[in-house]
There are 2 protein chains.
Amino acid sequence: MTDPSDSPARRTAYAARVKDIERPLVTVDVVIFTLIADALQVLLVQRPSGAREPFPGQWALPGGFVDVAHDEDLRACALRKLRDKTAVESPYLEQLGSWGGRTRDPRGWSVTQVYFALLPWASLQPRKGSNAADVRWFPVDAANAAQTADGLAFDHGLILAAAVERLRSKVEYTSLPAFLLTEPFTLPQLQQVYEIVLRRPLDKSAFRTRALAAPDFLEEAGLQATGAPRAPMGYRLVKHLQPVTFPRTFQSRG
Amino acid sequence: MTDPSDSPARRTAYAARVKDIERPLVTVDVVIFTLIADALQVLLVQRPSGAREPFPGQWALPGGFVDVAHDEDLRACALRKLRDKTAVESPYLEQLGSWGGRTRDPRGWSVTQVYFALLPWASLQPRKGSNAADVRWFPVDAANAAQTADGLAFDHGLILAAAVERLRSKVEYTSLPAFLLTEPFTLPQLQQVYEIVLRRPLDKSAFRTRALAAPDFLEEAGLQATGAPRAPMGYRLVKHLQPVTFPRTFQSRG
DNA sequence: ATAATAGTGTCTTTTAGACAATATGTA
DNA sequence: TACATATTGTCTAAAAGACACTATTAT
């Protein structure tokens with residue numbers, strides 16, 4: 001936060017001008033993932049269609065300006081935007097990164113802080129019907145293909161691609177997919193989520209060994225009646241805030 | 001602020017609407033690591049001592065306001081600030097994260113985008129003497145102990161701790177420490193850097209096997225005269241922009 | 001009983017850890 | 001030659017991949 005210049009005089013002048021420095025626009029956007037119909041999906045919102053709006057009518061990540069009066073910090077701002085769209089209070093939420101520059105928003109030099117959230121689809125069923133018009137779930141493959149090609153608003157196509165890449169890469173060695181399921185869940189269900197996100201089959205035996213051997217990951221929650229011939233064991237997360245890290249990445253193709 | 005493709009009318013319309021929004025302060029800070037005297041060190045700058053300055057005279061991470069007129073994007077801004085302090089042009093530079101909120105800067109709601117850089121100490125020897133008064137290297141252990149206790153300016157103590165944690169964690173499974181060495185370097189040198197950052201000894205044989213087996217990591221650069229009885233092989237990085245990721249983390253104590 | 005899904009066991013492969021042994025150059 | 005450092009080899013251990021096998025229950 002220092003003025004890089006060398007002279008004390010210039011420094012004082014700089015400090016005095018702080019209020020007058022032209023400030024970039026600051027927004028927070030959220031990449032919200034869930035699992036619907038055995039597919040990874042992302043929540044997008046349609047931009048207002050007013051002629052003065054940037055990217056009118058185009059799909060974009062949910063987000064918007066930081067509200068200096070009401071947002072305590074960046075994370076609170078992200079949670080507020082997530083709550084606005086999904087009515088979910090405590091999802092898994094992590095910082096993805098920042099995108100900032102002169103040309104990404106026609107209204108001026110702007111910075112967006114992007115968070116990404118994982119939540120179980122069931123958790124937001126109730127709110128679903130309310131505002132379905134300009135808020136929709138898109139399968140990420142379609143989103144990456146069609147939407148990014150068509151072009152999401154701003155640089156959101158790039159951001160979404162980065163979020164998907166980060167998710168896929170972390171799924172190789174963490175328990176992130178567990179945040180996409182409601183508890184209790186079974187190991188076959190969990191494995192299926194891994195396979196959906198990674199887009200490749202995993203070996204059943206190795207998967208189970210790894211999952212059950214991980215410290216502070218799963219605790220038993222009784223047999224589940226899923227309709228399967230043999231009732232599978234249900235599990236809950238020991239820790240709901242942080243994912244578990246495995247000592248190696250997955251390697252097989254099952 | 002201006003988009004040449006926009007009509008003047010449209011531009012003013014945007015500006016009028018968007019100007020009503022109170023904008024946070026936007027800064028970029030850089031955590032610059034290097035290796036001096038077998039110790040990991042971080043570059044800190046002393047804040048100006050003017051009475052109107054926040055945290056006068058305290059040590060802080062190098063950084064400052066985004067210059068909307070001159071910075072093309074966030075990364076360019078980070079590179080500029082790094083260049084100002086070290087005269088280094090192309091270091092390893094990655095985004096660490098953002099810290100933003102109402103209370104972190106007494107001048108108002110502020111957001112900082114933090115990058116972290118790794119560079120070899122030798123690369124900046126020439127510039128060293130110039131402005132040594134208010135710019136200094138601090139060993140990270142001392143920095144974390146003394147400085148964080150004393151308190152760096154703003155929330156920079158927290159940010160530095162996060163940067164060190166990120167570095168240590170990524171060193172477990174990536175080739176990041178190679179960016180702290182000048183090329184060509186030898187495998188014993190590289191192993192020593194790992195041991196310094198991780199603060200534990202590693203097994204020689206396992207280390208060599210892993211390093212040499214990693215694809216697109218090292219290429220031979222001829223035997224080096226380091227003064228050692230037996231001349232070790234020198235190596236260069238195949239890729240200078242991205243670190244290599246190993247399939248497992250280190251585990252031993254050598 | 002059969003089918004379908006859940007869960008286990010066994011063998012192999014891979015990579016790392018421990019540590020001994022060998023190689024090579026300097027004093 | 002003695003010594004210090006670089007490099008390689010050997011054995012063991014840990015965890016995953018492949019895949020066959022057993023367990024349980026709805027029909």
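Note on naming: letters A, B, ... go to the chains in the order of the sequence lines (proteins, then strands), and numbering restarts at 1 for each one.
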CD/A/E183: more than 12 non-hydrogen atoms of other groups inside 6.0 Å: yes
Expected output: side-chain A/R75 to main-chain A/L93 donor-acceptor under 3.5 Å: yes
Nearest listed nucleotide, side chain of B/P188, among D/dA16, C/dT15, D/dT7: D/dT7
A/L223 CG - D/dA26 P separation (whole Å): 12 Å
Donor-acceptor contact present, side-chain A/R248 to main-chain B/P247, <3.5 Å: no
What does the list of N/O pairs under 3.5 Å between the protein and nucleotides 8-11 of chain C look like, with a distance for each?
{"from": "C/dG9", "atom 1": "O6", "to": "A/S205", "atom 2": "OG", "distance (Å)": "2.6"}

Value in whole Å for how far the P atom of C/dT15 lies from CZ of B/F207: 17 Å
Interatomic distance, A/E195 CD vs D/dG17 P [rounded to whole Å]: 12 Å
Nearest-angstrom distance from the residue atom OH of A/Y173 to P of D/dA16: 16 Å
Whole-Å gap separating C1' (C/dA16) and CG (B/L198): 15 Å
Distance in angstrom units between B/L190 CG and D/dT7 P, rounded: 12 Å
Heavy atoms from other residues, nucleotides or ligands near CD of B/E219 exceed 12 (cutoff 6.0 Å): yes
Which atom of B/S98 lies closest to which atom of B/Q113, heavy atoms considered: OG-OE1, 3.3 Å
Nearest-angstrom distance from the residue atom CZ of A/R248 to P of C/dG17: 10 Å
Under 3.5 Å: donor-acceptor pair, side chain of A/H156, backbone of A/A60: no
Proximity to DNA chain C (any heavy atom under 4.0 Å), residues of residues 224-236 of chain B only: B/P229, B/R230
Value in whole Å for how far the C1' atom of D/dG17 lies from CG of A/L202: 11 Å
Carboxylate-amine/guanidinium proximity below 4.0 Å for A/R200 and A/E172: yes
Ring centroid separation A/F154 to A/W99 under 6.0 Å: no
Aromatic plane relationship, A/Y194 with A/F246 - under 30° parallel, 30 to 60° tilted, over 60° perpendicular: tilted
